[in-house]
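What follows is a set of notes on a single structure, which appears directly below.
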Amino acid sequence: MAYRTIKVEKGPGGWGGPLVLTPKPGKDKISSVTGGGIHPLATKIAEMCGGEAVDGFRKPPKESEVLCVVIDCGGTARVGVYPMKKIPTIDIYATSPSGPLANFITAEYFVSGTKENNITVTG
């Protein structure tokens with residue numbers, strides 16, 4: 001499958017973004033860190049951009065291989081950890097910057113409240 005650039009926007013009540021993501025060889029993993037296997041949103045992102053959805057809890061990929069992370073965090077941990085590492089982060093919950101890592105949660109690396117209809121192929 002060919003790689004495609006996608007745009008990920010905030011959903012209803014969400015914050016941040018949009019994120020424009022282009023996979024490439026060696027950086028095409030969509031890491032689902034939701035605790036319940038691979039979240040459907042991660043699967044959809046992978047299908048749309050040509051990447052590979054992986055379970056970030058059971059088989060975490062190398063950070064250098066991660067195109068983006070899909071999380072389900074309404075708190076402060078995962079919401080801030082990945083943006084702090086400059087890994088584009090997509091939260092299925094409509095959260096905004098808060099907690100001790102709030103200064104790392106920027107629109108450049110974070111979007112929230114995202115649903116499948118908030119993702120489009122660009123270019």
Side-chain angles (χ1 to χ4, degrees):
M1 177 183 264
Y3 291 132
R4 293 178 298 279
T5 299
I6 60 168
K7 181 164 70 169
V8 183
E9 298 181 278
K10 65 183 177 182
W15 186 91
L19 303 178
V20 177
L21 306 171
T22 305
K24 62 183 180 182
K27 192 165 189 81
D28 61 355
K29 304 286 190 270
I30 293 78
S31 182
S32 181
V33 187
T34 55
I38 298 174
H39 192 275
L41 187 63
T43 300
K44 183 67 173 181
I45 291 169
E47 289 171 359
M48 292 181 76
C49 75
E52 178 187 357
V54 297
D55 185 331
F57 274 127
R58 292 197 177 143
K59 287 188 162 183
K62 295 178 190 175
E63 287 182 7
S64 62
E65 298 176 341
V66 175
L67 176 67
C68 65
V69 177
V70 174
I71 63 170
D72 63 348
C73 183
T76 60
R78 288 174 282 157
V79 168
V81 167
Y82 296 106
M84 180 177 69
K85 296 177 179 186
K86 300 193 181 319
I87 297 174
T89 305
I90 302 159
D91 195 344
I92 63 171
Y93 296 138
T95 56
S96 58
S98 65
L101 301 176
N103 58 322
F104 296 106
I105 304 168
T106 64
E108 181 181 4
Y109 291 104
F110 183 82
V111 66
S112 68
T114 303
K115 309 294 182 219
E116 288 186 18
N117 65 341
N118 300 121
I119 305 165
T120 55
V121 176
T122 65

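Values below: every heavy atom of this structure, side chains too, minus hydrogens, waters and symmetry copies.
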Is Thr122 close to Lys7 at the side-chain level, that is, under 4.5 Å between some pair of heavy atoms?
-> yes
Give a yes or no on this: more than 12 heavy atoms of other residues, nucleotides or ligands lie within 6.0 Å of atom NZ of Lys10.
-> no
Single-linkage hydrophobic cluster Phe57~Ile71, side-chain heavy atoms < 4.5 angstrom = yes
Sidechain-backbone polar pair: Asn118 side chain, Lys115 backbone, donor-acceptor under 3.5 Å = yes
Are Tyr109 and Phe104 grouped together when hydrophobic residues (ILVMFWY) are joined by side-chain heavy atoms under 4.5 angstrom apart?
-> no
Side chains of Pro25 and Tyr3 in contact at under 4.5 Å (non-hydrogen atoms) | yes
Would a hydrophobic clustering, with Ile, Leu, Val, Met, Phe, Trp and Tyr connected at side-chain separations under 4.5 Å, put Val20 with Val121?
-> no
Between the main-chain N or O of Met48 and the side-chain N or O of Arg4, is there a donor-acceptor pair closer than 3.5 Å?
-> yes
From CD (Glu116) to CG (Leu41), nearest 0.5 Å = 6.5 Å
Thr34 (side chain) donor-acceptor with Asp72 (main chain) under 3.5 angstrom | no
side-chain hydrogen bond (donor to acceptor under 3.5 Å, both in side chains) filter on Thr22, not counting sequence neighbours, yields Thr5
Heavy-atom closest contact (Ala42 atom, Ala53 atom, distance) = O-CB, 3.8 Å
Rounded to the nearest 0.5 Å, how far does NE2 of His39 lie from CD1 of Ile30?
-> 14.5 Å
Same cluster for Tyr93 and Leu19 if Ile/Leu/Val/Met/Phe/Trp/Tyr side chains link at under 4.5 Å?
-> yes
About how many Å separate CH2 of Trp15 and OG1 of Thr106, when rounded to the nearest 0.5 Å?
-> 6.5 Å
Spacing of Asn117 atom CG and Glu9 atom CD [to the nearest 0.5 Å] = 10.0 Å
Under a 4.5 Å side-chain heavy-atom rule over Ile, Leu, Val, Met, Phe, Trp and Tyr, are Ile92 and Ile38 clustered together?
-> no
From Ile119 atom CD1 to Glu47 atom CD, the distance as rounded to the nearest 0.5 Å = 10.0 Å
Applying side-chain hydrogen bond (donor to acceptor under 3.5 Å, both in side chains), name anything that partners Ser31, two or more places apart in sequence or on another chain.
-> none
Which heavy atom in Gly113 sits nearest to a heavy atom in Pro12, and how many Å separate them?
-> O-CD, 3.9 Å
CD1/Ile45 to CG/Leu67 distance, rounded to the nearest 0.5 angstrom?
-> 8.5 Å
Indicate the atoms forming the closest heavy-atom contact of Gly16 with Val111, along with that distance.
-> O-CG2, 3.8 Å
For Gly37 and Ser32, work out which heavy atoms get closest and say how close.
-> O-OG, 3.4 Å
Under a 4.5 Å cut-off applied to non-hydrogen side-chain atoms, are Pro88 and Leu21 in contact?
-> yes
Main-chain N/O of Val66 paired to Lys27 side chain as donor or acceptor, under 3.5 Å = yes
